Trainee: 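My questions will all concern the structure given below.
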Amino acid sequence: MTATATAAARPAPKTAAPREAIKEPSMVKQKEMIAGNYEKLATAKAMGRKVASTFVPGNLNELIMCFDLVNNLPEINAIQNGLRKKSGQLIVEAEKRGQSEDVCTYVKSDLGMLAKGNIGPDGRPIPSPDVLLLSYTGCFTFMKWFELLREQYKCETVMLHVPYEGEGKVTENMRAYIVKQLREDVIPTLERVSGVKFDIDRLREYLRESARAEEDLVWTLESAKHKPSPIDAYFGGVYYIGPIFTAFRGTPDATEYYRLLRQEVQQRLDAGQGPVTPEGELSKEKYRLVVEGPPNYTSFRDFWKMFYDEGAVVVASTYTKVGGTYDLGFRHDPDHPLESLAEYCLGCYTNRNLPGRIDMIEKYLNEYEADGLLVNSIKSCNSFSAGQLLMLREIERRTGKPAAFIETDLVDPRYFSPANVKNRLESYFQMVEQKRRGAGVAAAAAVH
Amino acid sequence: MHTFIGIDLGSTTTKAVLMDENMEVLGRGITNSRSNYDTASRVAKHEALINARFTLFRRAFAELPGVADRLDALLADLERSFRLEQFLEELGELERTCIENARGDRFAGKERATREALEAVFATLRQEAPALFAPGAKRKSDFFRDIAGSRFMAVAEPIGKTSGLGYDLLLNVYDKSIIEVENRPPSGDMNGRFLRALRRLLDGGADLGVAQGDVMRTVQGALDVALEETYVVGTGYGRVTLPFSKEHIRSEILCHGLGAHIMYPGTRTVLDIGGQDTKAIQVDPNGIVENFQMNDRCAAGCGRYLGYIADEMNIGLHELGPMAMQATRSVRINSTCTVFAGAELRDRLALGEKREDIMAGLHRAIILRAMSILSRSGGVRDQFTFTGGVAKNEAAVRELAKLVKENYGDRTININPDSIYTGALGAAAFSRRSVENGATGGVS
Amino acid sequence: MSTSDIVARCTGLFEDLNFVYAREWKAARPGRKVVGYMPFYVPRELIHAAGALPMGVLGGGDQLEVIHGDAYYQSYICRIPRSTVELGVTGRLDFVDGMLFPSICDVIRNLSGMWKIMFPKTMARYVDVPQNFRDDVGGEFYVNELNELRKDLGELCGRPVDDESLRHSIALYNENRRLVREVYAFRAAAPWKAPSSEVYLLMRAGMVLAVEEHSRMLGEYLEAALAENRPRRDNTRIVITGAFCEQPPLSLIKSVELAGCYIVDDDFMLVNRWEKANVPLEGDPIRNLACTYLHGSMSTSAKYEPDLSKKGLYLVDSVRRNRAEGVIFMAPSFCDPALLERPMLQNVLAAHGVPFIAFKYAENSGQMAPIREQAGTFADSIKLWSEA
């Protein structure tokens, strides 16, 4: 369903813009971290370390670390394969093996990779997991995905069922249910698989570390409220959420990454600079957008270019909330460790109901003073997509700001039609501009 | 005179509209898009310039006493004569190209015979040309490629046989040459062509009702008006490869919305069903786009669907609508998937349904799809302007009118016979506006 | 009453996209409420105990023209949410006081929130069910969820749902489920006497009729079907799976039968036989509903199977129990739960030597020729194979 890209895949700048010539310290840091985790995965078996696979939404990285497990996130592998243009053939492979063309391409990319020897995006084999931690959060497909993996690996699988916020709120019953599953099922299973005894104080320590990084992440995302925005909260945002959504939340590395990131953004802010793009700094912010939905990864760079070429900056996005809605105030809490993990899972973006999602977007449009909403509707992800056309309509009605709709896929290149996407984006940008200019100019056209 | 040009590059045809400073349309031109957008743009523009001259003639003749009741006939005669003149010139160019191309290994030893055969073919084509442009003559298409092509094939077949060269050989030369000719930018002395056309008309003894000298002077006067290409704006689905720089490009959605507004100032909702996509556009009272929706990735229910059906039934696209109008009932068709169009049709025929009734169902299915896209964009407001190729289909229009009334009540539905130029018209208006807003120069 | 009389009544109910029966039921007494639910499991007893009529909303079928519903969904999303929205937008559900959205997939889940926005006067609720099957974990969660729903339904209907009325409702639904199971067993035993197109309509009637009335109808049908002599054909006995949400058009079910298949089990409308045995009447009725859900309910794609070794055996069991010779995977296009489950089930079937074929449909599919051809070839090949 959902996940994030990582700095390791950040495309090299086409033109050697002076700013890009010097890699920012945060980027260097993230790249090292990602490489480090793939290294851990590649050497896990040799080092006698156990591996857990889990999902980004409802990712319990702090808990996984308590058992010295290496965290492998299949969504991230699918993204990395998408960015490296490998996912297309993997999807076809899975379809050849009986998966329907209709279903989620993240799943098929992962199954295709497995069928082809489980060679990871970095060219090294991904070890078979010792445990599948099925954090069933905000996406029905997750359950089928891990059932399909379990069929192959025949390994221990533990379900963590996170109830849906159907009524737009977290109830005590939901929280208690998750905590109980953690106590009664998840923790005992992880203890058994890892041979490590659970130590709640260790968990508290990790959670304390998480909260520190979360503070700086939120600061970074909210820096986009400034005009011009020093960041792009979608294309750039995908990198910013990398560490905290994946195998690094709760580590000092992540805290350090976000500290560096904050410093850099602060500098850009002080200098009145716009976001960094693969072709250098975006100097003139022409449109401020809120984006709903994941990006396309197979043509990530081309997709991004369609925005920055037009001076469009994404100031807020919902995708950067799939692995946690920290900007709405949630922080991991060492004083209530299991409860806080439960809260975290419940609050992930796609686990919120449609009215709640619409409220969030409306708030973003207002608080970030955006020109309009753009929905990138993803063929693979019904959790995101089903209902987006109503969201569009409702947002237009509530804010009077124009909204537009494009369709792509996460990692299936067959669903990215550049001409089609560009056509709609340009129409949208021009519409925003025309609306902005108001009726006065068009009146001339009325005389004929 | 300053002129402002809009060019709409479609996947099948390219349209151009030429506008004056007062936003009056001077001329329209259309051509097939070829694979070369650059040439297509030039040809469409060239055609629009020709058309503009006729507008200027009309204006000039209108001031000539005694011509009023003959004005239409006079201009029609002049136009046919001009088209004939143009056709003959193009034919000459095609002949020269064919002869140049009749060289190389394949023609070794046959060069002369080929040349003679080609000359014979073209002599016949030239001979029959005046009949093609005679008053009341019907041509299936006005594109040179279509007229010349169909006649070439008809004439070359017997000549190929009798010459012993074979039909294929001649056809091969033709195929190669027509592409070259088509992709050459329009050339020649346009004013000369007008004068030759007029001369041909006068020599033919046409009764113009006014003195020949007055006619000549009037035409010459109109030709003397310089049409300065002040600014060009391009649009259309091919925009990604448009032969224009970025400042000269506007989105087809915006152009369509503005174009519809100019045609019908009361327009608030526009529906365009073209070959490849369906667009629903909401515009404000000034023609500014407020919202738009297009068919999603799935092209079900676009014009192309009707094309598949026509192919499947082995009839012309324009025959589908009339056939559907003969229906006594409408068969429910639930899928407008182009991939399954043929299967759906065969299934229905196998069930014993009448072709007419199936056709009625198919038209309804397409319009249902369009209704959904309209609904997505915000519904149908008054007035409602329907454009695109499918707007010419009476069965589609009938279903649309019915469904609009059922779902949104009474709405004025506008369908312009020139609706194919909606996008180009909007682009021309943007072109005019760009200059007003201080853009300078800038012919591509 | 003959089977044809009963089937005619059911056909009328099936074709009625204005829900006249439910409208009349509601109008018959002031204050009555109707609560709709989408296909798949919801605790209907709770609705009934609150005094409301539970009414299945199973999409628009192949007769509804969908205009506005399509405006809300992309082309890669299944049909049922579009036609359901169309039913709502066109006012066909304007008398419905509440809508329950079962826990089946992301599309239906999100529709629960859409309904809240589009029809703010209707109570719209997502019904979450546990994927943890321990009494003290998932059971506890579900007891609380059910109590929450019980409270909401009580408020909607203007009277709290007491244990006694809930027990009464459970008893009525126990009886209804018993009869449903009996019809299914009867069909499996003598499929020529109870064609699936009839059984289907009979079960569809149960989605809209009051439960008492439907139970009566089931009894009458069994009696009439038993008494009638119908020709027995040399058909192949098959199980249909994957059609638990968006319903196939009736013509599809007929086509499969015409192609030489006896459908001896299926997963249409699982809600009417979700609990495999009677829900106990003594003790806390809510706890009884929850416990039966955890330990005594059907297995299907939307439900997690904690034990790998048991994955997919529910289908093998159905094949064995009903003496089926093959399985037809019949899933709606773009149905994530059915289509992702499919390869796993196929592997299990292959391991048990059960032949199968697969195709997709939409509730408004119009082309039956390819279906007849595939199902016919499948039936013939099984016959040939078993004779060889």
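Because the structure is predicted, anything quoted here is derived from the model rather than measured. A, B, ... follow the sequence lines: proteins, then strands. Residue 1 opens every chain.
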Trainee: Chain A: which of C/Y126, C/F141, C/F334 shares the most heavy-atom pairs with it under 4.5 Å?
Mentor: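 Option with the greatest count: C/F141.
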Trainee: Verify the distance criterion only: is there a donor paired with an acceptor across the side chains of C/S299 and C/K310 at less than 3.5 Å?
Mentor: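 Judged by distance alone, the side chains do not pair up.
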Trainee: Heavy-atom pairs under 4.5 Å with chain C - which of A/R97, A/M159, A/R150 has more of them than the others?
Mentor: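 Between A/R97, A/M159, A/R150, the count favours A/R150.
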Trainee: Please tell me if the side chains of A/S100 and C/R342 come closer than 4.5 Å, counting only heavy atoms from C-beta onward.
Mentor: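 A/S100 vs C/R342: side chains touch.
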Trainee: For the residue pair A/T325 and A/R352, confirm or rule out a side-chain donor-acceptor distance under 3.5 Å.
Mentor: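 Side chains of A/T325 and A/R352: pair found under 3.5 Å.
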Trainee: Heavy-atom pairs under 4.5 Å with chain A are the metric here; pick the option from C/E305, C/Q346, C/E148 that has the most.
Mentor: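 Option with the top pair count is C/E305.
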Trainee: So that I know where these two stand, are A/Y136 and A/F146 an aromatic pair - ring centroids less than 6.0 Å apart?
Mentor: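 Judged by ring-centre distance (under 6.0 Å), A/Y136 and A/F146 do not meet the cut-off.
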Trainee: C/M123 and C/D152: side-chain contact (heavy atoms from CB on, under 4.5 Å), yes or no, with the steps?
Mentor: CA-CA 9 Å; C/M123 177 193 92; C/D152 290 355; 4.2 Å; yes
Trainee: Which one, A/K379, A/E172, A/K180, leads in non-hydrogen pairs under 4.5 Å with chain C?
Mentor: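 The answer is A/K379.
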Trainee: Identify which of C/L308, C/I77, C/V85 forms the greatest number of heavy-atom pairs closer than 4.5 Å to chain A.
Mentor: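 Greatest number of close heavy-atom pairs with chain A: C/L308.
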Trainee: Quick one: of A/K154, A/E167, A/E147, A/E101, who has the most non-hydrogen atom pairs under 4.5 Å with chain C?
Mentor: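 Sorted descending by pairs with chain C, the first entry is A/E147.
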Trainee: Consider only side-chain N and O atoms of A/N351 and A/T137, and report whether a donor and an acceptor are under 3.5 Å apart.
Mentor: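 Looking only at side-chain atoms, A/T137 and A/N351 do not form any donor-acceptor pair under 3.5 Å.
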Trainee: Who among A/M143, A/Q388, A/M174 has the most heavy-atom pairs with chain C under 4.5 Å?
Mentor: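 Maximum pair count with chain C is reached by A/M143.
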Trainee: Using a cut-off of under 4.5 Å for heavy-atom pairs, which of C/M118, C/E140, C/R125 has the most such pairs with chain A?
Mentor: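 With the most close heavy-atom pairs to chain A, the winner is C/R125.
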Trainee: Working to the nearest 0.5 Å, report the span between CG of A/L60 and OG1 of A/T54.
Mentor: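 That separation rounds to 6.0 Å.
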Trainee: Of all of C/R109, C/Q74, C/M114, C/E341, which one pairs up most often with chain A through heavy atoms under 4.5 Å apart?
Mentor: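 Counting heavy-atom pairs under 4.5 Å, the top option is C/R109.
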Trainee: Just so I understand: if I count every heavy-atom pair under 4.5 Å between each of A/V103, A/N173, A/L389 and chain C, which residue has the most?
Mentor: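 Looking at each of A/V103, A/N173, A/L389 in turn, A/N173 comes out on top.
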Trainee: Among C/P130, C/P306, C/S112, which residue forms the greatest number of heavy-atom pairs with chain A at distances under 4.5 Å?
Mentor: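 Of C/P130, C/P306, C/S112, C/P130 has the most heavy-atom pairs under 4.5 Å with chain A.
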Trainee: Looking at chain C, which one of A/N353, A/L390, A/L160 has the largest number of heavy-atom pairs inside 4.5 Å, strictly under?
Mentor: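 Heavy-atom pair counts peak at A/L390.
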Trainee: So, A/T298 versus A/Y415: side-chain donor-acceptor pair below 3.5 Å or not?
Mentor: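 A/T298 vs A/Y415: no donor-acceptor pair found between side chains.
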Trainee: Can a salt bridge be assigned to the pair C/R134 and A/E184 using a cut-off of 4.0 Å between side-chain N and carboxylate O?
Mentor: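 Yes, charged N to carboxylate O under 4.0 Å.
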Trainee: Heavy-atom distance under 4.5 Å to chain A: side chain of C/S301, backbone, both or neither?
Mentor: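 Contact with chain A is through both the backbone and side chain of C/S301.
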